[in-house]
Amino acid sequence: SDANLVKNAMSGQLDYAYTKDVSDIKALAGSDKVTTTAVDVRYTRLMYVNKFDKADGSKAVLNDPRVRQAMMFAIDMDSIGESLFDGTIVSANSLIPNAADKADGLDPYDYNPEKAKELLSEAGWDESTTIDVAYYYNDQITVDLMTSIQAYLAEVGMKMDFRLVEGDLATILWSTPEDMTNGPSAVEWDMVYAATAALSLHEYYDRYGIDSSINSHTPYSEELQGLIDATNATTDPDAATAAFKELTKYENEELFVLPLYYMPITLVTSPKLEGSLDLSKLGNPQFNWNWDIQNWDLSAE
């Protein structure tokens with residue numbers, strides 16, 4: 001979040017930093033003043049989908065999983081990643097980034113507008129429906145992303161409006177219904193563009209359980225609750241991994257959220273650290289990596 005990161009890096013006044021800011025990453029790419037290295041982390045941008053019926057009695061517009069699948073097929077995240085993010089993101093097909101904890105054989109939801117149209121037809125989608133999307137990031141790239149998604153959905157017959165929300169976000173976005181099975185919804189949006197940064201895989205999924213204080217969007221399901229409970233029922237790493245794989249299979253098909261992309265952190269290092277920082281052995285610099293700072297050598301010119 002340092003507004004002077006690029007200036008300091010280019011003037012030789014920065015030795016170590018990390019950032020998710022795409023404009024900073026683009027500005028530093030190819031520089032001979034610093035080295036930039038992408039590091040995979042558990043950070044997923046997504047659309048939370050409100051599947052509760054509305055307070056006025058109208059039905060949730062995105063409650064049919066075929067509609068949510070259609071939206072995934074309709075959005076070309078690979079092209080968006082190249083055009084808006086200069087290839088600094090990875091398209092997602094579940095909350096969990098690509099790693100050993102993720103099940104094999106998940107549908108990648110590659111861009112397929114014809115498949116999207118077929119699914120919408122099967123679901124009886126009403127093309128007069130307008131999907132209300134909220135977001136809270138106050139930057140131009142978010143507006144550009146919303147505009148791109150809006151255009152892709154329009155190509156398959158789906159209307160979407162998007163709006164910036166400000167103020168008491170906890171209430172606007174995460175107020176939970178009194179009845180977590182039947183609703184009605186306590187929030188007034190169909191989708192919200194947001195992120196999950198997880199220290200553990202449990203942080204990705206526990207929020208969709210019936211006891212979560214921020215589950216404003218996903219009604220109780222015996223199957224989903226059972227899968228979440230299974231990930232918390234064991235301390236054995238192998239058993240937990242197997243439980244998370246079963247959960248990702250369900251998630252990939254049911255799409256109770258729409259995962260959009262994973263955003264690696266970009267590490268920024270000066271030439272002074274080249275002799276004492278092994279860039280081939282990097283972990284998550286925010287959470288689970290031993291920085292080994294006591295052995296850094298900044299004496300190089």
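Every heavy atom of this structure was used, including side-chain atoms; hydrogens, water molecules and symmetry mates were not. Please read these numbers as outputs of a predicted model, since none were measured by experiment.
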Nearest non-hydrogen partners of [X] and [Y], listed with the distance:
{"X": "Ile89", "Y": "Pro264", "answer": "CA-CD, 4.3 Å"}
{"X": "Ser216", "Y": "Asn50", "answer": "O-OD1, 3.7 Å"}
{"X": "Ala186", "Y": "Ser175", "answer": "CB-O, 3.6 Å"}

Return yes if some donor-acceptor pair links the side-chain N/O of [X] with the main-chain N/O of [Y] below 3.5 Å, else return no.
{"X": "Ser31", "Y": "Leu28", "result": "no"}
{"X": "Asp53", "Y": "Ala60", "result": "yes"}
{"X": "Arg68", "Y": "Leu255", "result": "yes"}
{"X": "Gln150", "Y": "Met160", "result": "yes"}
{"X": "Asn63", "Y": "Lys59", "result": "no"}
{"X": "Lys249", "Y": "Ala103", "result": "no"}
{"X": "Asp86", "Y": "Thr88", "result": "no"}

Inset, instruction - Give the C-alpha distance, both sets of side-chain angles, the deciding distance and a yes or no for side chain to side chain donor-acceptor pair (under 3.5 Å) between Thr241 and Asp238. - result: CA-CA 5 Å; Thr241 296; Asp238 292 336; 5.5 Å; no
Inset, instruction - Kindly give the cluster partners of Tyr220, where membership spreads through any ILVMFWY side chain lying under 4.5 Å from a current member. - result: Phe52, Met180, Ile210
Legend entry - Trace of the ring-ring contact (aromatic ring centres under 6.0 Å, His included) decision for Tyr193 with Tyr136: CA-CA 8 Å; Tyr193 172 62; Tyr136 53 84; 7.9 Å; no
Does a side chain donor of either [X] or [Y] reach within less than 3.5 Å of an acceptor in the other side chain?
{"X": "Ser270", "Y": "Asp15", "value": "yes"}
{"X": "Thr19", "Y": "Asp21", "value": "no"}
{"X": "Gln294", "Y": "Asp292", "value": "yes"}
{"X": "Ser94", "Y": "Asn252", "value": "no"}
{"X": "Ser79", "Y": "Asp76", "value": "yes"}
{"X": "Lys102", "Y": "Asn93", "value": "yes"}
{"X": "Asp161", "Y": "Thr130", "value": "no"}

Just so I know, are the side chains of [X] and [Y] near enough to count as touching, which here means a heavy-atom distance under 4.5 Å?
{"X": "Tyr135", "Y": "Val192", "answer": "no"}
{"X": "Leu119", "Y": "Val67", "answer": "no"}
{"X": "Leu273", "Y": "Leu298", "answer": "yes"}
{"X": "Val6", "Y": "Met10", "answer": "yes"}
{"X": "Tyr16", "Y": "Leu277", "answer": "yes"}
{"X": "Met71", "Y": "Val156", "answer": "no"}
{"X": "Ile149", "Y": "Met47", "answer": "yes"}
{"X": "Asn138", "Y": "Leu164", "answer": "yes"}

Legend entry - Pairs meeting criterion side chain to side chain donor-acceptor pair (under 3.5 Å) with involvement of residues 117-127, two or more places apart: Asp126-Ser128
Inset, instruction - Establish whether Val257 and Tyr261 are linked, either directly or via other cluster members, by ILVMFWY side-chain heavy-atom contacts under 4.5 Å. - result: yes
Inset, instruction - Consider only side-chain heavy atoms of I, L, V, M, F, W and Y, link residues closer than 4.5 Å, and tell whether Leu84 and Val22 are in one cluster. - result: yes
State whether the number of non-hydrogen atoms from other residues, nucleotides or ligands found under 6.0 Å of [X] atom [atom1] is greater than 12.
{"X": "Lys245", "atom1": "NZ", "value": "yes"}
{"X": "Glu178", "atom1": "CD", "value": "no"}
{"X": "Glu203", "atom1": "CD", "value": "yes"}
{"X": "Asp104", "atom1": "CG", "value": "no"}

With rounding to the nearest 0.5 angstrom, report the [atom1] to [atom2] distance, [X] to [Y].
{"X": "Glu274", "Y": "Thr269", "atom1": "CD", "atom2": "OG1", "answer": "7.0 Å"}
{"X": "Ser200", "Y": "Arg42", "atom1": "OG", "atom2": "CZ", "answer": "7.0 Å"}
{"X": "Asp24", "Y": "Thr36", "atom1": "CG", "atom2": "OG1", "answer": "11.5 Å"}
{"X": "Thr129", "Y": "Lys159", "atom1": "OG1", "atom2": "NZ", "answer": "8.5 Å"}
{"X": "Leu260", "Y": "Leu145", "atom1": "CG", "atom2": "CG", "answer": "6.5 Å"}
{"X": "Asp144", "Y": "Ile80", "atom1": "CG", "atom2": "CD1", "answer": "10.5 Å"}

Inset, instruction - Evaluate side chain to side chain contact (heavy atoms under 4.5 Å, CB included) for Leu46 paired with Leu258, printing each intermediate quantity in order. - result: CA-CA 6 Å; Leu46 67 152; Leu258 301 187; over 6 Å; no
Inset, instruction - Check the angle between the aromatic planes of Tyr205 and Tyr208 and answer parallel, tilted or perpendicular using the 30° and 60° thresholds. - result: tilted
Inset, instruction - Over 60° means perpendicular and under 30° means parallel, so classify the ring planes of Trp189 and Trp174, tilted if in between. - result: perpendicular
Legend entry - Test log, rule side chain to side chain contact (heavy atoms under 4.5 Å, CB included), inputs Val49 and His217: CA-CA 6 Å; Val49 182; His217 37 74; 6.0 Å; no
Legend entry - Pi-cation contact, Tyr137 with Arg45 (under 6.0 Å, within 45°): yes
Legend entry - Pair Phe244 and Tyr204, ring centroids less than 6.0 Å apart: no
Inset, instruction - List the steps and the verdict of side chain to side chain donor-acceptor pair (under 3.5 Å) for Ser276 and Asn295. - result: CA-CA 7 Å; Ser276 55; Asn295 294 318; over 6 Å; no
Legend entry - Carboxylate-amine/guanidinium proximity below 4.0 Å for Asp132 and Arg163: yes
Legend entry - Chi angles and distances behind the side chain to side chain contact (heavy atoms under 4.5 Å, CB included) call for Lys7, Gln13: CA-CA 8 Å; Lys7 182 179 74 173; Gln13 298 185 62; over 6 Å; no
Inset, instruction - Give the C-alpha distance, both sets of side-chain angles, the deciding distance and a yes or no for side chain to side chain contact (heavy atoms under 4.5 Å, CB included) between Ile214 and Thr176. - result: CA-CA 6 Å; Ile214 53 175; Thr176 59; 5.7 Å; no
Inset, instruction - Using salt bridge (Lys or Arg N to Asp or Glu O under 4.0 Å) as the criterion, list what pairs up with Lys54, not counting sequence neighbours. - result: Asp190
Legend entry - Step-by-step ring-ring contact (aromatic ring centres under 6.0 Å, His included) determination, Tyr111 to Phe73: CA-CA 5 Å; Tyr111 179 54; Phe73 282 118; 9.8 Å; no
Legend entry - Stepwise side chain to side chain donor-acceptor pair (under 3.5 Å) test for Tyr43 and Thr196: CA-CA 6 Å; Tyr43 185 85; Thr196 295; over 6 Å; no
